[in-house]
Amino acid sequence: MAARTEHNYARFLAPLDNLLWDRKMLEMLFGFSYRWEVYTPVAKRKFGYYVLPVLYNDRFVARFEAEPVREAGAFRGISPS
């Protein structure tokens with residue numbers, strides 16, 4: 001594992017980010033399969049309604065879907081079922 005430096009970073013990418021447009025290239029270069037499932041019927045979704053890919057340095061390491069917690073005025077991450 002690489003040493004942590006100030007140059008390490010994590011980014012949450014929006015579903016329409018330019019990097020995600022070409023899904024075949026994304027899978028070829030990064031080994032990461034992504035599909036924006038906002039228009040996919042609930043029964044056919046694999047990860048969730050509005051899941052954001054997480055890029056850490058030069059690797060996709062996770063998917064993130066926020067769920068509002070209105071009482072707390074905050075968001076929490078949820079795991080896909």
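Keep in mind that the numbers below use all heavy atoms, side chains included, and drop hydrogens, waters and symmetry copies.
- In terms of heavy-atom proximity, E65 sits nearest to Y50 at OE2-N, 3.5 Å.
- N57 places no side-chain N or O within 3.5 Å of a backbone atom of A10 that could act as its donor or acceptor partner.
- The main-chain N or O of L16 is found under 3.5 Å from a side-chain atom of W21 such that the two form a donor-acceptor pair.
- For the pair L13 and L55, the tightest heavy-atom approach, listed with the atom from each and the gap, is CD1-CB, 4.4 Å.
- Taking every heavy atom of both residues into account, E37 and F47 meet most closely at OE1-N, 2.9 Å.
- Atoms CG and CG, from L20 and L52 in turn, are 9.5 Å apart once rounded to the nearest 0.5 Å.
- Taking the six-membered ring for Trp and thresholds of 30 and 60 degrees, Y39 and W36 have ring planes more than 60 degrees apart, a perpendicular arrangement.
- Between F30 and F60, the angle of the ring planes goes over 60°, which puts this pair in the perpendicular group of the 30/60° scheme.
- Nearest heavy-atom pair across P15 and V51 is CG-O, 4.4 Å.
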